[in-house]
Amino acid sequence: MKRETRVPVFESDKSVQVQLVKAKLEAQKITTFTNNSYMSFTTTPTATMVKVMVNLQDEQKAFEIIDEMLKEPEFNLTQN
């Protein structure tokens, strides 16, 4: 069985942003995975950072797609 190397391409503590990125990547036939981790440096006990990960061979294409998303006004990273 071949093991795939996965790399993080986006991370956020906002689930809406994570879902938007996953949907956009999957629409381009890029398989995504998520990895949740507790943010120990925050004062909010429920704060978690979610990483969107892709297979290594899809990394460059994923970054290009995400870069375009970040330019869109509706994907404003300063909003909650």
Side-chain angles (χ1 to χ4, degrees):
M1 184 168 118
K2 183 179 175 185
R3 182 177 169 99
E4 295 287 340
T5 300
R6 297 177 184 161
V7 293
V9 292
F10 181 80
E11 73 179 58
S12 178
D13 62 343
K14 296 173 178 63
S15 62
V16 171
Q17 291 176 342
V18 170
Q19 291 304 317
L20 286 171
V21 168
K22 282 179 57 76
K24 186 72 106 172
L25 294 176
E26 289 173 356
Q28 297 297 316
K29 308 290 188 233
I30 297 176
T31 303
T32 64
F33 310 90
T34 54
N35 183 356
N36 300 343
S37 60
Y38 177 71
M39 291 178 10
S40 60
F41 59 88
T42 64
T43 57
T44 307
T46 58
T48 56
M49 195 59 101
V50 179
K51 291 181 182 180
V52 176
M53 303 180 78
V54 300
N55 290 324
L56 182 61
Q57 69 267 18
D58 295 325
E59 180 183 29
Q60 183 176 349
K61 184 176 179 185
F63 276 131
E64 291 169 4
I65 293 167
I66 293 167
D67 285 345
E68 288 302 312
M69 284 185 73
L70 294 175
K71 295 175 186 174
E72 298 172 5
E74 58 269 12
F75 194 83
N76 187 340
L77 294 177
T78 61
Q79 294 179 349
N80 290 331

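For this chain, numbers begin at 1 and follow the sequence in order.
Using a 4.5 Å cut-off on side-chain heavy atoms (C-beta onward), Asp13 and Val50 make no contact. Counting heavy atoms from C-beta outward, Thr31 and Glu26 have side chains that stay 4.5 Å or more apart.
Summarising the geometry of Pro8 relative to Lys51, their closest heavy-atom pair is CB-CD, 4.2 Å, with the distance given to 0.1 Å. Taking every heavy atom of both residues into account, Val54 and Phe33 meet most closely at CA-CD1, 4.4 Å. Nearest heavy-atom pair, Gln17 versus Ser12, reported as atom, atom and distance to 0.1 Å: OE1-OG, 2.8 Å.
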Identify every side-chain donor-acceptor pair in residues 56-69 under 3.5 Å, counting partners at least two apart or on other chains, and give the distances.
unit_1: Gln60; atom_1: NE2; unit_2: Glu64; atom_2: OE2; d: 3.4
unit_1: Lys61; atom_1: NZ; unit_2: Gln28; atom_2: O; d: 3.4
unit_1: Glu68; atom_1: OE2; unit_2: Lys71; atom_2: NZ; d: 3.3

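One distance of note links OG1 of Thr34 with CZ of Arg6; it measures 10.0 Å at 0.5 Å rounding.
Leu25 is not connected to Met53 by any chain of hydrophobic side-chain contacts under 4.5 Å among Ile, Leu, Val, Met, Phe, Trp and Tyr, and they are in different clusters. Transitive grouping of hydrophobic side chains (ILVMFWY, heavy atoms separated by less than 4.5 Å) brings Val16 and Val18 into a common cluster.
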>> Thr5 vs Asn55, test: side-chain contact (heavy atoms from CB on, under 4.5 Å). Steps then yes/no.
In response: CA-CA 6 Å; Thr5 300; Asn55 290 324; over 6 Å; no
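In this structure, the side-chain hydrogen bond (donor to acceptor under 3.5 Å, both in side chains) partners of Lys22, at least two apart in sequence or on a different chain, are Thr32.
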